[in-house]
Each structure stands twice: as C-alpha cells, then as structure tokens.
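Here the structure is a predicted model, which means the values were calculated and not measured. Any value given below was found using the heavy atoms of this structure, including those in side chains, with hydrogens, waters and symmetry copies removed.
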Amino acid sequence: MPAKTITNLPVDALTLAQARKEHVRLGLEISAHDKRYYQDDAPTVTDAEYDALRRRYNDIETRFPDLRTFESLSVKVGAAPARGFTKVRHAVPMLSLDNAFADADVSDFVGRIRRFLRLADDDEIVFSAEPKIDGLSMSLRYEKGELVTAATRGDGAEGEDVTANVRTLEDVPKTLHGRDVPEVCEVRGEVYMTKQAFLALNEQQKAAGEKIFANPRNSAAGSLRQKDPSVTASRPLGFFAYAWGEMSQMPAATQSGMIRWFEACGFMTNPLTKACRSTQALVAFHREIEETRAELAYDIDGVVYKVDRLDWQERLGFVSRTPRWAIAHKFPAERALTILKDIEIQVGRTGVLTPVGKLDPVGVGGVIVQNVTLHNEDYIKGIGGKGETLREGRDLRIGDTVVVQRAGDVIPQIVDVVIDKRPSDAEPYEFPKVCLCHLHTEIVREETATGDEGARARCTGEFACPYQKIEHLRHFVSRNAFDIEGFGDEYVQMFFDVGLIESPVDIFRLHEKSASLREAVLERRKALSKAREERLGRKVKKEIAEEKRTFKEIDNLLAAIEVRRKILLDRFIFALGIRHVGEATARALAKHFTNANSMLEAIDEASRQRPGREWFEISGIDQIGPAAREKLLASITKYSGPQLDLDFEGDAVLRTAKLNVRQIENLRSHFRTDRALVEALRAASRQRPGEHYRALADDSDIGEVATNALIEFFGAEYNRGIVQGLLNELEIEPIERSTSESLVSGKTVVFTGSLERMTRPEAKATAERLGAKVSGSVSSRTDYVVAGPGAGSKLKDAQKHGVRVLSEEEWLRMIAVE
Ligand code: IVH
C-alpha cells in the first residue's frame with residue numbers, strides 16, 4: 001500500500017508528488033480534527049497527536065513552499081463557526097501561537113527574536129511569561145466603555161456572537177472602570193471552567209441523563225454555546241484577560257502594562273504571570289508552573305512567553321498565522337499509551353461486578369496510573385450507557401495498547417485503543433457468567449435507574465456470597481450505620497478471615513469469644529512485626545507492651561459493641577445494606593413504623609399485595625406516571641364488559657382516561673394494537689397493588705424501587721435469619737417524631753386548588769398534627785399557600801401579599817423532614 005508508506009516517510013525523504021499527496025491528506029485530517037474540536041467540542045485525538053500532524057504539515061510546506069496556497073491550513077486558524085449563532089467579523093484577526101515542546105525550541109525562539117531585532121548578545125529582552133489557560137478564547141468589544149459584543153475565535157477572521165451568554169459571566173465587566181478608557185477597546189482572553197465545577201457539572205448532567213463533557217474546556221465551550229443565556233448563567237465560568245484586538249488608543253507600552261490596565265478596568269488576570277529576562281528564566285518558569293499544575297483550580301496546557309515591549313512586538317510582526325513575538329511552551333499531554341495487562345473483576349457490597357483494568361504503570365498528568373475502572377461488560381465491548389458507541393465501537397482486549405487519559409482531577413479513563421498494535425492472538429474479553437465466589441451464583445444483568453452506567457452485572461448471592469458478606473460487615477459497622485468505634489477495616493477483615501464473624505449477628509456474640517479474639521489479633525500482630533523485623537534486620541518492640549496494648553484495644557472494642565446494642569430503627573435499617581435503601585429511605589421507613597417487627601409484617605403484607613408483571617409493564621412506559629396509570633386503570637374498570645369490541649374499547653378507554661397526546665402515542669407504540677393494550681390493562685387492573693404495597697411505594701421517600709428491594713431482601717430466608725438473629729441481640733428504638741420541632745409548627749397554611757396525593761381533610765389533619773394552623777383565606781399573616789392544579793383567587797392573593805407558594809410535592813417534602 002503506497003499511501004501507507006508515505007505517511008511513515010520523513011518529510012526530508014518525500015518526492016514532490018508524494019509531498020503533494022501527503023499535504024492534501026494531512027490537510028483533510030487536520031480540518032476534520034478542527035471541526036471536532038472547535039464546533040462539536042468533542043476532539044478525538046490528543047493535543048500532542050494534533051500538534052504532530054500540524055508540525056508535519058508545516059514541515060512539508062517549508063520544504064515545498066509552492067504547496068502553501070491561500071487555502072492552506074497554515075494561514076487559517078481553527079474551523080469555521082458552528083451553525084446557530086450570528087457571525088461576527090473580528091476587527092483584528094484572532095490568531096494562534098506557535099508551539100515549543102523542548103527547551104531547545106525556546107532558545108531557538110529567543111535567538112530568532114534577537115536576530116530579527118538585531119540585538120546584541122547582552123541586550124536584555126523582557127518576556128511576560130503566563131500560564132496557557134486551556135479554555136476558549138473570547139474577544140470582548142467595548143465601545144465608550146460599554147460591552148457591545150462578545151465573540152468566539154471561530155476561524156480567526158469570523159467568530160460566533162455569544163454576547164448574551166458572556167454577559168452572564170461575573171468576571172466580564174459590563175462597563176469598563178477607570179479614567180481614560182479608549183473609545184473602542186477589544187479585550188481578549190480565555191473563558192474557562194474550574195476542574196471542580198466541571199466535575200460537579202458532570203455529576204448534574206449524569207443525574208439528569210444529559211451529555212457528559214470530556215474535560216473542563218469542552219464543558220466551558222458547551223456552556224457558552226447555549227441558546228438560553230440563563231443556562232450559561234447557571235454554569236460557573238471564569239475569564240482571564242491577556243490580549244487585545246482593536247484599540248482606538250493604547251493605554252500602555254508593554255504587555256505587562258496592558259495586564260495592569262486590564263486589572264484597573266475590572267478584569268481578572270492570571271496571578272502567576274511573571275517577567276522573565278533570559279531563556280533560562282523562561283525554562284525555569286515552565287518547570288515551576290508544570291509542578292504546580294495539578295494544584296491549580298483550572299486546566300492549563302502550557303505556558304506562553306510574550307516579548308514585553310509592544311514596539312518590539314510590532315517590529316517582529318507575524319509569520320502566517322502566528323506572531324513572531326510569542327510562543328506557547330506546551331506541557332507533555334495528559335494522555336499516555338500503555339498496555340492493558342489484565343482485567344480483574346471486583347465484587348462490591350451489593351454484589352455488583354466491576355471490571356478493573358490492570359495497566360502497565362504509566363505517568364499521566366503527574367500521577368502514576370495502574371488501575372482503571374472499566375465500568376461494566378458493555379463498556380469493554382465499546383457500548384456506552386444509552387447504547388451509543390464508545391471508542392468508535394472498538395472493544396478492549398487483554399494485551400491491547402490503550403490510551404489513558406486523566407483530565408483534571410477526574411479518575412483515569414481508557415479513552416481509546418490502538419487497534420494496529422493489538423496482538424494477533426488477543427481474544428474478545430469474556431465477562432464472567434457466574435460470581436467469583438465459591439457459590440458460583442448466577443450473574444444477572446440489571447439496568448441502572450438512569451441507564452447511563454449501562455447494564456451492571458450482579459451476583460445473586462447477597463449475604464450468602466462471601467464478597468458481599470465482608471462488604472455487608474464493613475457497611476454494618478461503618479459510621480452512618482452502627483458506628484462501632486474502633487471497628488475498622490483491619491478488624492473486619494481479620495475477624496472474617498479467621499471465621500470469628502461471618503454475619504452481623506456474630507458481632508454481638510464476640511464477647512463470648514474474647515479469648516479467641518485476643519489470640520487472633522496477637523497472632524496477626526506478631527506475624528506483622530516479624531515480617532517487619534525481617535525487613536529491618538532488628539527487633540522492633542517489646543512483646544509484653546504489645547500484648548497489653550492489644551488486650552486493651554479488644555476490651556475497648558467489646559465495650560463499643562455493647563454500647564450499640566441499643567440502636568435507632570433508621571440506623572438499623574440502613575445498616576442492613578439493602579439495595580436502594582440509603583439513609584433517607586431508611587429514615588422514611590423508620591418514620592413509618594415504630595418498631596422492626598411491624599415493619600417486617602408490613603413488608604410481608606406488601607409482598608403478598610405486590611402487583612404483577614403487567615402492572616409494572618404499564619408503569620415502565622415513558623411518560624406514564626402513577627397518575628396516568630391510575631386514570632387508565634380506573635377507565636378500564638368502567639369498560640370491562642366482555643361483550644364490547646376490544647378495538648372499540650381501546651379507543652374508549654384512552655378517551656375517558658384523558659391522557660395527553662404523547663402518553664397515548666407511547667402507549668400505542670408500546671402495545672402496537674389497541675387489543676393488546678386493553679388486554680394488558682385488564683390484566684394489570686386485576687393485579688393492582690393492595691394498600692400495604694402502596695403505602696410504601698407511594699411514599700415519595702421510599703418509592704417503588706426500594707419497596708421491591710425490601711420485599712426481595714426480607715423474602716430471602718438467609719437474610720431473614722440474620723435479621724431475626726439481630727433482633728434477638730438488640731434493643732431497637734423508634735426514632736423521635738416530634739411535632740414541636742417540625743418546620744411548619746406555628747405557621748399558618750392555606751390549601752387551594754385540587755390536591756392529588758391527599759384529601760383536603762387529610763391535609764388539614766396532618767398540618768395540624770405538626771403544629772400548623774390551617775386557614776381558609778390568604779392574608780399577609782399567611783406563611784404558606786399550598787396550591788394544586790386549578791388554584792385561583794387564593795393564589796393571586798398569595799402573590800399580592802408576597803406569601804410563599806408551595807406545590808403539593810414541596811409541601812409534602814417540607815413536612816417529611818424530621
Ligand atoms: S496570547 C496572537 N496568552 O492559546 C495570539 N493565548 O494557541 C494571542 N491561550 O488562541 C494569544 N492562554 O486561546 C495567549 N496567556 C495566554 C493564553 C493564550 C491561553 C490560548 C488562546 C489562543 C491559544 C493559542
């Protein structure tokens with residue numbers, strides 16, 4: 001394949017014909033990368049890889065200058081603006097910087113300047129050295145001191161008008177302060193997002209099922225490219241000023257003077273900016289900033305050196321797309337290539353099997369990475385959470401060369417695999433079908449609630465699976481659960497290993513085994529200190545003192561366990577480590593029931609009244625919430641005459657249920673025929689859950705998912721045995737349901753409109769029980785108006801008096817707080 005050989009040939013060895021071909025190929029490739037980077041905020045290559053392509057492209061043009069036409073990429077910057085925003089022509093083009101990678105590139109840069117300016121060897125050049133912020137450049141145009149336009153770089157000549165969005169940035173003054181502000185000022189700099197804000201934003205995006213950003217730069221770009229400025233306003237973006245475009249007058253004669261002027265005008269400038277007077281000082285600055293890079297709040301990808309004197313900048317001018325007076329000294333990429341040596345499976349407390357990639361240790365962005373999460377089975381295959389492809393669908397195999405990335409403080413990820421380097425005998429990875437535990441329990445795939453983590457594999461062994469056993473124990477003694485002082489991981493592991501504890505019940509029987517306990521701990525400590533002595537070649541501690549200390553520790557531990565024989569119901573429930581039952585759910589359950597036995601009875605009852613498959617099928621349809629489902633089931637009961645034509649009935653049911661168009665569409669596309677829909681509804685209506693099930697599932701703090709998990713957990717004999725064992729050992733106390741401390745006690749509340757989750761008398765009774773006064777009319781003395789659909793004059797009155805209006809949901813949430 002001749003094309004392949006050209007790409008590998010050094011530029012020096014290319015013939016003109018080959019160079020022409022290679023120039024075109026590189027041009028297309030670079031343009032495609034530019035589009036992905038600038039327009040889609042979704043680059044597919046590392047900066048270093050991109051820079052290498054650019055370098056080769058430029059080298060070809062240097063050797064064959066005829067190839068450099070006005071179409072050449074070396075005279076264009078970036079890519080054309082993305083569609084959807086008005087274009088703005090920059091009064092002065094927004095250019096780019098040439099890159100230096102090695103220290104020698106820096107001395108070449110300084111040498112070039114010296115020669116160009118005909119300076120003597122001992123003439124001093126002052127440079128302004130600044131961090132190179134990894135955000136996106138922005139040009140802010142002020143006329144008569146007022147911000148008139150904010151534009152992105154775009155292709156350098158034309159950018160996108162993002163004024164409305166940029167106005168929401170705190171760091172961007174809307175008016176320039178200070179005297180002598182020139183008539184026209186274009187202030188340029190970088191919009192960025194801090195690493196912390198980026199992580200928080202991704203968390204939010206993930207919870208909302210929205211796009212996840214690859215790095216802070218992309219999230220800053222995505223945040224600016226919003227149609228609705230209030231979205232931008234909700235994203236924490238910063239701005240550093242460091243350059244300028246058109247200026248009707250220059251307020252300073254140096255780069256550093258301009259920076260001071262920006263500050264006087266109310267801009268943020270980068271505090272690490274420093275004057276450097278020699279190549280050595282520049283290189284030292286680069287090293288210094290690289291060392292602090294990880295601690296900075298924002299991402300940087302290098303440093304920039306600029307000749308400080310503006311008259312010299314003017315004389316030096318530009319070479320095609322980059323200034324002769326400045327250079328970016330880049331940091332090595334925060335991506336690295338390494339080998340995926342193995343894939344190990346970890347079993348978590350809830351039995352989830354997580355594959356972990358074992359890497360040949362590699363340095364990425366200042367840390368050594370050797371383990372990397374591979375999330376789940378689909379991720380390894382190249383399938384993302386919502387079925388999208390990852391790594392363009394390439395799977396991961398043991399032996400593969402992989403690209404590891406660490407963006408900011410994000411946990412390392414494998415972002416790509418180099419297929420060309422795949423060993424010929426590498427097999428697709430086989431995800432285990434059974435748990436690694438000795439039970440070899442079957443693995444089930446389950447979708448996560450949000451679907452964005454893809455399907456996780458779970459061991460079905462629960463408490464019986466040894467992996468889950470030890471994790472259950474760790475969780476049980478942890479701070480928010482039983483909070484047994486001194487019962488750290490070391491003890492859990494040690495006692496588990498020697499068979500002293502297997503289930504939480506054993507913890508409360510440890511006092512009967514204090515002798516074996518002492519022995520186990522001493523043995524272990526001795527073994528450890530022996531190993532240490534061997535390593536150090538000398539004795540470390542007197543055994544007597546060691547023994548005393550150990551005995552004391554164990555006595556304390558046993559005492560700490562005794563203290564916890566009395567436990568609040570919510571902690572007890574949380575400690576069981578039931579799936580989907582976190583602290584909030586545990587508290588809600590504890591509020592519902594005064595003791596564990598009544599909870600168990602209620603769950604058993606709920607289990608008998610649990611709805612069947614068809615009922616869940618209907619609830620699982622997009623847009624069909626509990627309210628719509630109830631309407632449907634009510635209307636099918638009305639039309640249940642077998643004499644009716646099923647197709648006709650379908651229509652009638654949907655009409656009486658008064659659903660919206662989307663809901664009807666979704667139902668019809670799910671069931672395909674009205675007949676199937678009616679049959680499913682009939683089946684579902686026969687399986688409607690009873691009140692015990694609903695009491696739990698309809699409680700907004702418990703919900704259907706947790707209710708099902710509770711039913712499954714307490715339905716398993718093994719778990720039930722453990723719970724019974726614990727109940728025999730413990731004294732479980734109800735949690736306080738105080739009325740005097742309720743958030744609404746002493747407040748005046750008005751209910752208006754129709755309430756969906758409670759009747760009016762119920763609402764009144766609950767509010768009064770919590771110490772609130774319920775009134776029929778709104779005045780300035782009213783504290784809250786709870787308004788349901790159809791609320792009218794009282795809602796208006798509330799607005800008139802400035803009374804806080806709550807939805808029914810908000811009210812329920814408010815009174816659910818302890
Ligand atoms: S000066 C004539 N200073 O890097 C070029 N640029 O690769 C003026 N950047 O487009 C740019 N920090 O987006 C300059 N302290 C800094 C910078 C900086 C980040 C970005 C900017 C520019 C790109 C050039």
Side-chain angles (χ1 to χ4, degrees), residues 42-46 202 205-206 209 211-215 334-362 364 367-407 410-437 440-461 465 467-468 471 579:
T44 54
V45 285
T46 62
N202 262 357
Q205 295 283 102
K206 195 169 157 190
K211 170 177 172 173
I212 302 287
F213 295 104
N215 53 46
E334 283 196 285
R335 277 184 171 193
L337 288 180
T338 188
I339 308 283
L340 177 61
K341 286 195 309 194
D342 199 4
I343 296 178
E344 272 183 21
I345 301 288
Q346 281 176 2
V347 188
R349 173 173 63 81
T350 54
V352 174
L353 270 64
T354 308
V356 176
K358 297 286 172 184
L359 305 173
D360 243 350
V362 64
V364 192
V367 298
I368 302 292
V369 179
Q370 42 191 343
N371 295 318
V372 62
T373 176
L374 302 177
H375 305 282
N376 54 51
E377 180 177 8
D378 286 350
Y379 181 89
I380 298 176
K381 286 187 183 148
I383 308 169
K386 293 198 173 120
E388 83 268 29
T389 50
L390 299 172
R391 307 176 294 269
E392 294 176 11
R394 292 185 273 273
D395 68 335
L396 296 176
R397 301 184 183 184
I398 294 170
D400 268 342
T401 298
V402 291
V403 182
V404 181
Q405 174 175 289
R406 190 177 160 272
V410 192
I411 52 165
Q413 298 276 351
I414 291 185
V415 289
D416 210 350
V417 50
V418 186
I419 292 290
D420 290 352
K421 296 194 184 153
R422 172 167 285 172
S424 54
D425 58 349
E427 301 271 350
Y429 180 72
E430 283 261 356
F431 203 85
K433 302 266 180 295
V434 293
C435 184
L436 314 187
C437 69
H440 298 308
T441 26
E442 190 199 346
I443 298 292
V444 292
R445 271 173 70 103
E446 66 170 18
E447 295 295 330
T448 56
T450 51
D452 55 1
E453 279 176 49
R456 298 187 300 196
R458 236 173 46 78
C459 164
T460 47
C465 163
Y467 290 97
Q468 297 185 62
E471 291 302 336
R579 274 190 307 137

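No donor-acceptor pair closer than 3.5 Å links the side chain of Asn371 to the backbone N or O of Val356. The backbone N or O of Asp378 sits less than 3.5 Å from a side-chain atom of Asn376, completing a donor-acceptor pair. A donor-acceptor contact shorter than 3.5 Å is absent between the side chain of Thr338 and the backbone of Val362. Of the possible donor and acceptor atoms, one in the side chain of Arg391 sits under 3.5 Å from a partner among the backbone N and O of Arg394.
Applying the side-chain hydrogen bond (donor to acceptor under 3.5 Å, both in side chains) rule to Lys421 yields no partners; only residues at least two apart in sequence or on another chain are considered. The side-chain hydrogen bond (donor to acceptor under 3.5 Å, both in side chains) search around Asp342 returns none, not counting sequence neighbours.
Val372 is listed as a side-chain neighbour of Leu359, based on a closest heavy-atom distance under 4.5 Å. Residues Cys437 and Val347 fail the side-chain proximity criterion, which asks for heavy atoms closer than 4.5 Å. No side-chain heavy atom of Thr389 sits under 4.5 Å from any side-chain heavy atom of Ile383. Side chains of Arg445 and Arg456 form no contact here, defined as non-hydrogen atoms less than 4.5 Å apart.
Under a 4.0 Å N-O distance rule, the pair Arg397/Asp395 qualifies as a salt bridge.
Interatomic distance, Glu344 CD to Thr354 OG1, rounded to the nearest 0.5 Å: 12.5 Å. Taken from CD in Gln346 to OH in Tyr467, the straight-line distance is 10.0 Å, to the nearest 0.5 Å.
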